[in-house]
Each structure stands twice: as C-alpha cells, then as structure tokens.
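When a residue number appears, it is its place in the shown sequence, counting from 1.
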Amino acid sequence: MQWNPSKKKNNEVTCIICGNTTPLKEPKSTEDIDKTVDKRILSDLSISEKIGERLVELIMSIGSDKNLDEEEQRLRVIDVYIKILEKIKVLK
C-alpha cells in the first residue's frame, strides 16, 4: 500500500504537508478511452504494413531452423500477428 499525504474535499485534492490544492479531474469513461485507442490504430495504417512485412519474413523462414523450440516460437509469433491484423480489420 502506498502512502498518500493528501485529502479530498469539494472536488479538490489538498496536500496535507504543503497545503497545495489541485482540482479533481473527471475520470474518462472506458468508451472515450476505446475511441482514442481506435483512432490511434486506424490512423496509423503503417502498423498493418509493418506486421505484413514481418509476417512474410517469418513465413519464408519456416523450416530453415533445426531448433524446434525456435521454430515453435516463430509459429506463435506468426499466430499473434495474424490475430492483431484481424482485430485491426474489425476496428475499421
């Protein structure tokens, strides 16, 4: 638990040590946060392009490694990239 030397009153937070007051900000709703995140993802289409380029690299390298652990990790990363692309597609 973290110690917080302040008290809240009348939509203000007052530091009990120095006496400075700061008005409380209204918390953002999760819907507002989701919209902001959606705009960031949709506005940067280069994310899809970067993932696509990386997917091609990973797919082309399948079978080139004799270490099965590394090959399995590569396949997991491919799976995650595909899921990310699908989510981006849904957001559009």
Side-chain angles (χ1 to χ4, degrees):
M1 187 169 162
Q2 188 177 15
W3 182 67
N4 186 356
S6 64
K7 62 180 182 174
K8 298 176 189 175
K9 185 178 179 185
N10 298 330
N11 290 329
E12 288 186 335
V13 177
T14 305
C15 177
I16 60 174
I17 295 172
C18 68
N20 287 339
T21 60
T22 306
L24 285 175
K25 296 178 182 175
E26 298 227 4
K28 289 187 174 184
S29 70
T30 55
E31 186 176 306
D32 291 340
I33 293 169
D34 288 345
K35 287 178 185 176
T36 303
V37 171
D38 290 351
K39 287 178 185 174
R40 288 182 188 160
I41 290 173
L42 294 177
S43 66
D44 190 4
L45 295 177
S46 66
I47 293 173
S48 297
E49 292 172 7
K50 288 178 184 177
I51 291 174
E53 290 170 5
R54 186 69 178 130
L55 268 172
V56 170
E57 290 173 20
L58 289 169
I59 291 170
M60 296 303 291
S61 66
I62 291 175
S64 64
D65 201 336
K66 301 296 181 201
N67 184 335
L68 293 179
D69 290 333
E70 289 181 20
E71 186 77 9
E72 182 181 10
Q73 180 64 30
R74 184 179 293 121
L75 292 170
R76 287 182 184 170
V77 172
I78 290 171
D79 184 53
V80 169
Y81 280 155
I82 291 170
K83 288 177 182 177
I84 291 171
L85 287 175
E86 288 171 352
K87 289 179 181 182
I88 290 173
K89 217 182 269 189
V90 168
L91 292 174
K92 290 181 183 180

Inset, instruction - Give, for atom OH of Y81 and atom NZ of K50, the distance between the pair rounded to the nearest 0.5 Å. - result: 11.0 Å
Inset, instruction - Measure the spacing between CD of Q73 and CD1 of I78 and express it to the nearest 0.5 Å. - result: 10.5 Å
Inset, instruction - Apply the side chain to side chain contact (heavy atoms under 4.5 Å, CB included) test between V56 and each candidate in M60, E53, R54; give the one that qualifies. - result: M60
Inset, instruction - Working to the nearest 0.5 Å, report the span between CG of L58 and CD1 of I51. - result: 11.5 Å
Legend entry - Separation between CG of N67 and CD of E72, rounded to the nearest 0.5 Å: 10.0 Å
Inset, instruction - Considering only NZ, NE, NH1 and NH2 on the basic side and carboxylate oxygens on the acidic side, decide whether E71 and R74 come within less than 4.0 Å. - result: yes
Legend entry - side chain to side chain donor-acceptor pair (under 3.5 Å) involving D79 - partner list, sequence neighbours excluded: K83
